[in-house]
Amino acid sequence: MVARALLGRVLVCERSRTRLVARIVEVEAYGGARDPASHAFHGCSARNAVMFGPPGHAYVYFTYGLHHCVNVVCGREGAAAAVLLRALEPLAGEGLMRRRRGMRDHDRLLRGPGCVAQALGLSREHDGADLVSGPVWIADASPCREGRALASGPRIGVRAGAGRAWRFWLAGHPCVSGTRAENGGPLPR
DNA sequence: GTATCGATTAGC
DNA sequence: CTAATCGATACA
């Protein structure tokens with residue numbers, strides 16, 4: 001599954017002079033038209049059209065009137081499958097991320113899907129961006145999981161389609177979002 | 001048309 | 001627990 005393959009990989013953002021680099025530590029998979037939790041469940045629209053396009057592009061949506069969330073389209077054209085980037089570990093460009101986020105805590109700069117988009121400066125205008133050719137891309141290098149096990153559990157914040165354990169994260173990583181319960185039992189980090 | 005609810009987050 | 005705040009969806 002693409003979601004698991006993304007964990008430990010590195011996202012690079014070269015949209016400004018400052019080069020941002022971050023390791024993907026938590027993701028959620030969304031299955032397209034047959035997944036009731038997916039934005040694609042109700043069919044193609046202006047908002048989610050990118051999901052129905054070719055893989056390797058960014059699906060960026062606006063929600064709750066104030067947040068953006070970033071997905072990687074990963075299914076064949078028409079499948080509308082996507083992986084939501086829920087949390088990353090800052091590796092380079094922390095100064096710019098801190099400025100955008102208005103906070104200093106390293107572990108929380110990219111913790112939570114809304115925070116990811118804010119720290120990276122991504123919004124609806126980046127909807128459809130090609131994540132292979134850049135300027136925002138996912139490095140093709142071997143994923144570095146820092147020796148951590150892969151954990152999985154139910155997706156956060158979804159009602160319909162709960163029951164599918166389609167959230168994946170690096171066990172015990174300090175930058176992963178969610179509560180103790182959501183991270184699967186005691187001693188999560 | 002109006003009502004309701006989000007793939008959320010920060011703050012009390 | 002709640003406000004913030006817009007758009008998509010549900011319903012009359």
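Proteins come first, then strands; the chains are lettered A, B, ... in the order of their sequence lines, and each starts at number 1.
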Using side chain to side chain donor-acceptor pair (under 3.5 Å) as the criterion, list what pairs up with [X], not counting sequence neighbours.
X: A:S45; value: A:N48
X: A:S16; value: none
X: A:E89; value: A:R23, A:H173

Q) Mind checking which nucleotides bracket the chain A contacts on DNA chain B, 5' to 3', with an atom under 4.0 Å from a heavy atom? A)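 It runs B:dG6 to B:dA10.
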
Q: Give me the residues of residues 48-62 of chain A where at least one heavy atom lies under 4.0 Å from an atom of DNA chain B, by number, or none.
A: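 Heavy-atom contacts with DNA chain B come from A:M51, A:Y61.
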
Q | Any residue of residues 152-164 of chain A with a heavy atom less than 4.0 Å from an atom of DNA chain B | A |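 Here the set is A:I156, A:G157, A:V158, A:R159.
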
(Q) Just to verify, what does A:A151 make a side chain to side chain contact (heavy atoms under 4.5 Å, CB included) with, not counting sequence neighbours? (A)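 Listed in chain order: A:W169, A:A171.
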
Q: Under the side chain to side chain contact (heavy atoms under 4.5 Å, CB included) rule, collect the residues that match up with A:F41, sequence neighbours excluded.
A: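 Checked A:F41 against side chain to side chain contact (heavy atoms under 4.5 Å, CB included); matches are A:P36.
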
Q: Test side-chain contact (heavy atoms from CB on, under 4.5 Å) on A:Y30 and A:L84 and set out the steps.
A: CA-CA 8 Å; A:Y30 286 86; A:L84 172 69; 4.0 Å; yes

Interface polar pairs with nucleotides 2-4 of chain C, N/O, under 3.5 angstrom:
none

Q) Looking across every strand, which nucleic acid part, if any, lies under 4.0 Å from A:R101 by heavy atom: base, sugar-phosphate, or nothing? A)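 The residue A:R101 makes sugar-phosphate contact but no base contact.
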
Q.
Using a 4.0 Å heavy-atom cut-off, does A:H39 contact any base of the nucleic acid, only the sugar-phosphate backbone, or nothing at all?
A.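 The answer is base, as A:H39 lies within the cut-off (heavy atoms under 4.0 Å) of a base atom.
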
Q.
Looking at A:R108, is its backbone amide N or carbonyl O close enough to the side chain of A:R101 to form a donor-acceptor pair, meaning the two atoms are under 3.5 Å apart?
A.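 Confirmed, A:R101 side chain pairs with A:R108 backbone.
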
For the atom pair [atom1] ([X]) and [atom2] ([Y]), what is the distance rounded to the nearest 0.5 Å?
X: A:L170; Y: A:I24; atom1: CG; atom2: CD1; value: 10.0 Å
X: A:L96; Y: A:L120; atom1: CG; atom2: CG; value: 9.0 Å
X: A:R167; Y: A:R155; atom1: CZ; atom2: CZ; value: 12.0 Å
X: A:R148; Y: A:L7; atom1: CZ; atom2: CG; value: 12.0 Å
X: A:D107; Y: A:C175; atom1: CG; atom2: SG; value: 4.5 Å

Q: Could you provide the dot-bracket string of DNA chain C, using ( ) for intrastrand pairs, [ ] for crossing pairs and | for bases paired to another strand, with Watson-Crick or G-U pairs below 3.5 Å?
A: ||||.||||||.

Q. Going through the distances and angles, do A:S177 and A:R86 end up as a side-chain hydrogen bond (donor to acceptor under 3.5 Å, both in side chains)?
A. CA-CA 7 Å; A:S177 75; A:R86 281 199 62 91; 3.2 Å; yes

(Q) Rounded to whole Å, please give me the gap between NE2 in A:H68 and C1' in C:dG7. (A)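 Going from NE2 in A:H68 over to C1' in C:dG7 covers 12 Å.
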
Q. Is there any ring pair (Phe, Tyr, Trp, His ring centres under 6.0 Å) pair reaching into residues 64-118 of chain A, and which pairs are they, with sequence neighbours excluded?
A.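 Matches after skipping sequence neighbours: A:F62-A:H68.
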
Mind listing the side-chain donor-acceptor pairs of residues 129-142 of chain A below 3.5 Å, one per line with the distance, residues two or more places apart or on another chain?
unit_1, atom_1, unit_2, atom_2, d
A:D130, OD1, A:V132, N, 2.8
A:D130, OD1, A:S133, N, 3.4
A:D130, OD2, A:S133, OG, 3.4

Q. Toward the 5' end of DNA chain B, which comes first, A:R108 or A:Y30, by nearest nucleotide?
A.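 By nearest-heavy-atom nucleotide position, the 5'-most residue is A:Y30.
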
